[in-house]
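These notes concern the structure reproduced below.
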Amino acid sequence: MAISSAICSSFKQELLQGKHDFDSSGGDTFKIALYQSDASLGAATTDYSTSEEVTNTSGSAYVAGGAALTNSGVSLSSTTAFTDFSDVSYTSASFTANGAMIYNTTTDGGSNTTDAVAIIAFGSNKTATNGTFTIQFPTADASNAIIRLA
């Protein structure tokens, strides 16, 4: 099993079908879920799953389903469109994560959906022991944003 960074193939198709709205004012709700190293996630992932999702070993820093993301909206620079999210921190965290999934909970104006958008492999296990676990997104620009269409 492995976690491979990718924009999910199903997301690419759904994007062309108009099912995802990244507008920062009134767009869809996106979340980020964290996963252990035994998870099998990559381009073929289609939906959020609890299989191999992180569990907080003490306290309540991480809950199933992950954290809601704050979207920075959609921008265009030359021929590249991009969107990004604000960083997410889990305080009083005690868990180990090897990767993450960004997914949409309101695809196509609906609710309670779990459509996968992107998989992020951390490259190795990252651990917090009663500390702060932060997901730091890259700079929101045409070269670095987490989701880019060139």
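FYI, side chains are in, hydrogens and waters are out, and symmetry mates aren't considered; it's all heavy atoms of this structure.
- When side chains are defined from C-beta on, Tyr48 counts as touching Glu53, because their heavy atoms get closer than 4.5 Å.
- Smallest separation of non-hydrogen atoms from Ile7 and Ile146: CD1-O, 4.1 Å.
- Here the side chain of Thr139 pairs no donor or acceptor atom with the backbone of Asn144 at under 3.5 angstrom.
- A donor-acceptor contact closer than 3.5 angstrom is absent between the side chains of Ser10 and Lys12.
- Side chain of Thr113 to main chain of Thr105: a donor-acceptor pair is present (N/O by atom type, distance under 3.5 Å, no hydrogens or angles).
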Just distance, no hydrogens or angles: give the donor-acceptor pairs under 3.5 Å from side chains in residues 72-81, sequence neighbours left out.
{"from": "Ser72", "atom 1": "OG", "to": "Asp84", "atom 2": "N", "distance (Å)": "3.2"}
{"from": "Ser72", "atom 1": "OG", "to": "Asp84", "atom 2": "O", "distance (Å)": "3.0"}

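- At a cut-off of 3.5 Å, with distance as the only test, no side-chain donor of Ser86 or Thr70 sits close to an acceptor on the other residue.
- Asn125 places no side-chain N or O within 3.5 Å of a backbone atom of Thr96 that could act as its donor or acceptor partner.
- Using modelled atom types, one side-chain atom of Tyr35 and one backbone atom of Ser49 make a donor-acceptor pair closer than 3.5 Å.
- Between Gln36 and Val54, the shortest heavy-atom distance links the atoms NE2-CA, 4.0 Å.
- For the residue pair Asn104/Asp115, the side-chain donor-acceptor check at 3.5 Å is not satisfied.
- Panel note: side chain Tyr103, backbone Gly65; a donor-acceptor pair is recorded below 3.5 Å.
- Across every non-hydrogen atom of Ala121 and Ser5, the tightest pair is N-OG, 2.8 Å.
- Taking Asn71 as the reference, Phe22, Phe30, Thr83, Phe85 meet the side chain to side chain contact (heavy atoms under 4.5 Å, CB included) condition, with sequence neighbours excluded.
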